[in-house]
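Since this is a predicted model, take the numbers as computed values, not measurements. No hydrogens, no waters, no symmetry mates; every other heavy atom, side chains included, goes into these values. Just so we're on the same page: letters track the sequence lines, and every chain starts at 1.
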There are 2 protein chains.
Amino acid sequence: MLSLRKKKILSAVVDGYIQKASPVSSKEIQKTCLQDCSSATIRNELSALESMGYLVQPHVSAGRIPSEKAFRFYVNELTTESCLTDEENALIESRLLRNHGSLDEVIKQITNVISEITHYTSVVVKADMADTITAIKLLDLSNGQMLMVIVTETRVLKDGIVDIPEDFDDLMLLQAQAWLNKLFVGKHISQFLNFTYPYTLVNDQFKLNKLFKKITDELKKQALANGMDVCVCGEHNIFKHSEYNDVGNVQKFLSEVGSKDKMAQVFTDDGGQEGFVTVKIGASENAPEGCSVVTTRVALGTNIAGSIGVIGPVRMNYKKVLSVLDKISNIIIDMMGKE
Amino acid sequence: MLSLRKKKILSAVVDGYIQKASPVSSKEIQKTCLQDCSSATIRNELSALESMGYLVQPHVSAGRIPSEKAFRFYVNELTTESCLTDEENALIESRLLRNHGSLDEVIKQITNVISEITHYTSVVVKADMADTITAIKLLDLSNGQMLMVIVTETRVLKDGIVDIPEDFDDLMLLQAQAWLNKLFVGKHISQFLNFTYPYTLVNDQFKLNKLFKKITDELKKQALANGMDVCVCGEHNIFKHSEYNDVGNVQKFLSEVGSKDKMAQVFTDDGGQEGFVTVKIGASENAPEGCSVVTTRVALGTNIAGSIGVIGPVRMNYKKVLSVLDKISNIIIDMMGKE
DNA sequence: AATTAGCACTCGACCATCGAGAGTGCTAAC
DNA sequence: GTTAGCACTCTCGATGGTCGAGTGCTAATT
């Protein structure tokens with residue numbers, strides 16, 4: 001457990017770093033939040049926090065940078081109180097309340113406002129929960145591969161291709177198909193997400209298990225990429241943040257954000273509870289490397305599940321992002337309640 | 001007119017620069033294409049070409065870099081013969097010929113193959129020519145602004161907002177509306193593109209003319225952004241080209257490519273003739289700064305106009321891009337003919 | 001025992017300098 | 001008109017030196 005002073009200092013480092021994007025020194029902390037302490041004392045504390053894994057020193061004569069652990073601490077300590085200005089609140093409301101025909105229009109509006117106010121990239125993932133699976137087909141392509149097709153009430157998802165092992169005959173393919181249908185027909189495609197293949201379920205032979213796992217994995221990917229609508233807005237906001245002064249980072253970020261299945265994955269892999277905001281910090285919490293992902297669940301209509309959120313560098317303005325998402329999810333829940 | 005040797009040298013510089021992305025020296029040219037000349041002679045020629053505006057020298061001890069004028073020369077000299085390998089041809093064919101339900105699917109496939117083979121960003125702009133304008137509405141928002149709405153047979157385009165001058169009354173608004181309807185009802189939205197506002201048409205008063213011009217400009221922008229479907233693929237390919245090692249350039253490029261109206265504009269502003277490939281080099285030829293745009297027109301169905309093409313740095317592999325677009329447009333024209 | 005003042009130390013950022021190498025332009029000879 | 005030869009210019013990378021920021025440690029203080 002951290003002493004009160006350590007907490008204060010740690011928060012100050014994180015706050016300062018979020019603001020300036022450069023290492024924070026003992027003197028700065030003294031100025032901003034601990035005038036009644038000397039910088040030497042703070043240095044001792046910083047040193048302690050470093051050895052506890054909260055801080056990192058890029059080099060000996062630089063200040064401290066918060067680690068992902070520090071950001072996690074910071075976010076946990078955060079109060080839920082909003083930091084939005086009246087103008088920002090008004091903007092959000094006016095944008096969401098003007099009634100824009102179709103759901104997709106509304107979603108566009110949502111991503112728009114979020115990215116505009118937060119200056120990060122925003123994402124909304126939509127899944128029609130009423131659109132359930134009616135069949136799963138495994139189609140032998142006669143070239144050692146099979147095509148997997150998921151049929152739902154409203155559409156057909158294809159393009160999943162998997163190698164068939166040589167000792168796998170037609171009968172087994174049919175068995176596999178039957179098994180998949182038994183498991184998933186009537187369910188929503190998003191339920192692949194929570195499904196993990198149990199190795200002992202079908203067959204003890206390692207090879208077959210491996211194939212079955214491959215099939216369900218591939219189906220999962222398909223379901224993510226095509227079964228859910230992903231709307232992204234404000235990708236270009238990354239250029240505002242100094243971690244993306246490097247072309248390599250930009251490239252990595254854009255390729256992550258551009259991949260629908262990754263986004264669907266990252267933005268729906270949370271508690272699934274409506275009204276709560278989830279924060280994932282860095283790769284260790286399953287966000288893309290160097291990134292944080294903030295999401296919240298919201299019903300976008302009867303039987304339409306939605307996940308709205310923000311993706312950006314770990315050095316993110318969490319206060320603002322959390323406030324915005326909180327505000328927006330409340331408005332939406334409200335809107336939905338009235339209909 | 002350039003001497004044969006100058007042409008040879010100029011082509012060699014462009015070729016070399018396209019390949020290496022670094023200045024080309026006299027010695028290199030000697031090696032690659034003019035063994036029977038000394039490097040000194042080539043230097044004289046290079047110097048002449050430079051003063052003619054074809055070449056640029058970044059600094060005195062560097063080789064030459066081709067100017068946009070040089071690329072224009074190079075492209076004009078290019079023969080139409082294809083430089084594609086058998087594998088590439090086969091890939092294109094197999095991708096386009098597997099029949100993918102909807103037109104949008106096909107378009108996705110087209111952009112996909114193009115960007116995959118050329119390693120540039122590819123764009124397809126689709127315009128349903130049968131979808132004509134049924135009405136244009138100017139709606140006074142009572143706050144000194146008006147909302148402009150274009151109604152076509154299948155959809156409603158809105159969101160164009162323009163200030164109304166104070167001395168503009170309701171009657172004039174109606175007049176303006178009547179005028180616009182008279183001009184454009186029954187036509188396709190893309191025809192705004194070719195429309196330029198004639199100052200003397202309605203009123204001699206400068207102010208009103210200015211407003212009318214503003215309205216048509218705004219309508220144009222709307223028509224471009226929303227009246228045509230723009231499909232972009234392979235944005236991330238820019239990272240493969242060294243001109244985009246700089247974050248600033250990446251940002252500029254992505255913001256250009258991300259703006260639908262700019263893309264619709266750039267990719268449809270050509271002769272409009274089917275089967276011919278148009279090349280725009282650099283800002284002076286109305287491509288985005290530092291970029292070249294290669295396009296070709298193709299009917300994507302009865303009454304559906306399409307423009308398919310590639311956008312990338314001026315230092316583009318024109319041989320390949322032209323070959324690919326040529327091949328693809330031929331296939332599509334063929335496909336359409338059969339239906 | 002915790003805090004603090006003071007100081008030596010370290011390291012990055014910035015700048016100037018230097019030499020090597022590339023490639024040119026010019027001159028004079030062919 | 002072409003070419004060999006050479007001086008010249010400029011970039012690039014390496015080297016070194018100074019400055020300032022910020023630390024860690026020590027010894028004194030509370």
Provide the closest heavy-atom pair for B/Leu2 versus B/Leu10 in the form atom of the first, atom of the second, distance.
CD1-CD2, 4.0 Å
Base, sugar-phosphate, or nothing: which does B/Ser26 touch, judged by heavy atoms less than 4.0 Å apart?
sugar-phosphate
So, A/Ser22 and A/Lys20: side-chain donor and acceptor under 3.5 Å apart, yes or no?
yes
What's the verdict on side chain to side chain contact (heavy atoms under 4.5 Å, CB included) for A/Ile18 and A/Met316, showing C-alpha distance, side-chain angles and the deciding distance?
CA-CA 6 Å; A/Ile18 286 176; A/Met316 180 185 280; over 6 Å; no
B/Val13 vs B/Leu46 side-chain heavy atoms within contact, under 4.5 Å
yes
Positional range of nucleotides in DNA chain D within the contact set of chain A, heavy-atom, under 4.0 Å:
D/dA21 to D/dG24
Does any part of the side chain of B/Phe239, heavy atoms only, come nearer than 4.5 Å to the side chain of A/Val250, both counted from C-beta?
yes
Is it true that B/Glu88 and B/Lys327 make a salt bridge, defined as a side-chain N closer than 4.0 Å to a carboxylate O?
no
Side chains of A/Val123 and A/Val310 in contact at under 4.5 Å (non-hydrogen atoms)
no
Can you tell me how far P of C/dG23 sits from CD of B/Glu50, to the nearest Å?
15 Å
In whole Å, I'd like the distance from the NZ atom of B/Lys27 to the P atom of C/dA22.
8 Å
I need the CD1-C1' distance between A/Ile9 and C/dT3, as an integer number of Å.
13 Å
Provide, to the nearest angstrom, the distance between the CD1 atom belonging to A/Ile29 and the P atom belonging to C/dT3.
15 Å
Produce the list of close N/O pairs, under 3.5 Å, pairing protein atoms with atoms of nucleotides 10-12 of chain C; give distances to one decimal.
unit_1, atom_1, unit_2, atom_2, d
C/dC11, O2, A/Ser61, OG, 3.1

Quick one: B/Gln30 CD to C/dG23 P, roughly how many Å, whole number?
13 Å
Backbone N or O of A/Ser25 within a donor-acceptor pair of the A/Glu28 side chain at under 3.5 Å?
yes
